[in-house]
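Have a look at the structure below, then the notes.
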Amino acid sequence: MSQNAITPTREQDFPEWYQQVVRAADLAENSEVRGCMVIKPWGYGLWENIQRQLDAKFKETGHVNAYFPLLIPLSYLEKEAEHAEGFATECAVVTHHRLEARKQPDGSTKMVPTGELAEPFVIRPTSETIIGAAFARWVESYRDLPLLINQWANVMRWEMRPRLFLRTAEFLWQEGHTAHETAEEALEETRLMHRVYTDFLRNHLAIPVIPGEKTENERFPGAVNTFTVEAMVQDRKAIQAGTSHYLGQNFAKAANIQFLGRDNTRQLAHTTSWGVSTRLIGTLIMAHGDDDGVILPPRIAPSQIVILPVTPKPDTRQEVIDACEALAQTLRVQTFHGEPLRVHVDKRDLPGGTKNWEWVKKGVPLRVEIGPRDISTRSVAVSRRDQGPKAKEFIPKEDFLQSVVERLQDIQDGLLARATAFRDANLHKINTLEEFQAFFAEGAPGGFALMHWAGSNEEEDRLAKEMKVTIRCIPLGDTHAEEGQCFLTGRPSTRRVVFARSY
RNA sequence: CGGGGCGUAGCUCAGCCUGGUAGAGCGCUUGCUUUGGGAGCAAGAAGUCGUCAGUUCGAAUCUGGCCGCCCCGACCA
């Protein structure tokens, strides 16, 4: 048996490691439909926690949930040219509404689509257009604004190269859509949700991000401005973990979202949209996982604590299981960040080592073992997922009950600290084209390059094509604001931007 | 849509060159042994060898068509 649970290691082959971890942790699997995944209970449990906690933040900031149709009339996509073009190459189209059973000469039956639709429907790749149409009906007066709506849904984008969680043809997400009276208010909404994402990634997923603005090239199709949260994962590549778009009046114009203003004139609303998807789960795996599987931040782990009964002898088995159940009950009364502790007792009749390794691979923050000896000494054996798989601390049960919340928080903080240290160690200020090329050269470690940039869209495109490096974002705030010269054109620049390879 | 590769048990694959009608490891089931640990031994279940056609006495194996999948590019949360 090898030292690590996952083969290959991250060092040997990162993409393959990722796939093996998804499988070993039982998070999801590919389905028979290309590009679509089956999210298994452990993976879906993560999504449920992400969903619940983010949803609470949306509600706190004044949003309400609604649901809009999966199918969008084709004509809706013709209303905003830039938006339509951006998604045109990845749309699944519904053209028929019934099937007819036709007997084949060999006796088998073939189902043949019939009943062609007069107007085809597009399966939503995103819902700006159909929600815009609803907003147009709902908004009449400035008194109807702001309209602050969110929907939890699935969307479909026919991707060429799917990868579990990171890029699937169908994925789950939330999309916020809001309409406002003024540009300032809409822009503030865009920024607010951008901050909500930054905070969620940092404090719930323990992933530090660089919040920033996208360049024109990288913007959402149809947006005036796109804000992004960019994370670094362990192969030093960037991943866009969430976006918040200021749409100006582009979509209001396309969908005719008009209202009668305070001055009694008809005006177009200013809209926003923002979203995060199941890609967060992929980001989480790549940010925290190690060569033994995933490592889950306690705040979003489906089970934060797994109790493993150690039952060496049949005659003490029931006593041990009872002690485990009793401990679980005591723990469930406690709360972590306002939610009752999620505790699971693994009573399956399997060798202890097998069960232990399974939970290591699944990334449970705390594993607790109780055996006959521990019952007599009133102690428990505690293992932390952020330490080695064999590390074990024997502590009095009472002490454990006292300190469990603190321990979970310590793991949560440790993960963030580790990810931040890694990100910072691979974030470099670079000034010249030569250094830039060396930084992203084949075989070089790579990372985030902070560069002065004042090039054109075409020059940015050229770098993307030649070097496979893109501007991930123009960081917000003062941190990277400084005078300098563009590394490519020599033109003056007032701040550094983040260049990186990305997912 | 271009360039490469592959379809054999739930998974990973061997067998194909040199046709004779199916194998391994892991997993699964059962029994015994073991038990602070991803255990051992034994028995067992499981595949119309992607599909259609051709060659042949005989095809997983040779030939051709079709279908599907994977990897590398363009697209992308």
Distance between the [atom1] atoms of [N] and [M], in whole angstroms?
N	M	atom1	result
B:G25	B:C66	P	39 Å
B:G47	B:C1	C1'	36 Å
B:C76	B:C49	P	44 Å
B:G15	B:U30	C1'	31 Å
B:C70	B:C62	C1'	26 Å
B:A45	B:G27	C1'	13 Å
B:C28	B:G64	P	42 Å
B:U48	B:G58	P	23 Å

- Query: Considering only side-chain heavy atoms of A:Gln240, which listed nucleotide, B:C71, B:C11, B:A77, is closest?
  - Reply: B:A77
- Query: B:G38, B:C76, B:A77: which one has an atom nearest the side-chain heavy atoms of A:Thr354?
  - Reply: B:G38
Counting only Watson-Crick or G-U wobble pairs whose two distances fall under 3.5 Å, which nucleotide matches [N]?
N	result
B:U35	none
B:A22	none
B:C67	B:G7
B:C62	B:G54
B:A74	none
B:C17	none
B:U30	B:A42

- Quick one: do the A:Glu218 and A:Thr470 side chains pair a donor with an acceptor below 3.5 Å? no
- Item | Any side-chain donor near an acceptor of the partner, A:Arg124 and A:Thr126, under 3.5 Å | no
- Item | Side chain A:Glu369 and base B:G37 donor-acceptor under 3.5 Å | yes
- Ignoring hydrogens and angles, answer whether the base of B:G36 and the side-chain atoms of A:Asp374 contain a donor-acceptor pair closer than 3.5 Å. yes
What nucleic acid atoms does [X] come within less than 4.0 Å of, heavy atoms only: base, sugar-phosphate, or nothing?
X	answer
A:Leu308	nothing
A:Thr226	nothing
A:Arg163	nothing
A:Ser277	base

- Classify the ring geometry between A:Phe58 and A:His63 as parallel (under 30°), tilted (30 to 60°) or perpendicular (over 60°). perpendicular
- Can you check whether A:Lys468 has a side-chain N or O nearer than 4.0 Å to OP1 or OP2 of B:G73? yes
- Query: If you measure from the ring centre of A:Phe171 to the centre of the six-membered ring in the base of B:A77, is it under 5.5 Å, with the planes under 30° apart?
  - Reply: yes
- Message: Checking the side chain of A:Gln12 only, and the main-chain atoms of A:Thr9 only, is there a donor and an acceptor separated by less than 3.5 Å?
- Response: yes
- Message: Between A:Arg10 and A:Asp290, does the salt bridge (charged side-chain N to carboxylate O under 4.0 Å, His left out) criterion hold? Intermediate values first, please.
- Response: CA-CA 7 Å; A:Arg10 289 164 294 175; A:Asp290 67 9; 5.6 Å; no
- Note on the structure: Residue pair A:Phe394/A:Ala241 against RNA chain B: nearer the 5' end by closest nucleotide is A:Phe394
- Given the side-chain rings of A:Tyr18 and A:Phe14, with only the six-membered ring counted for Trp, is the space between their centroids under 6.0 Å? no
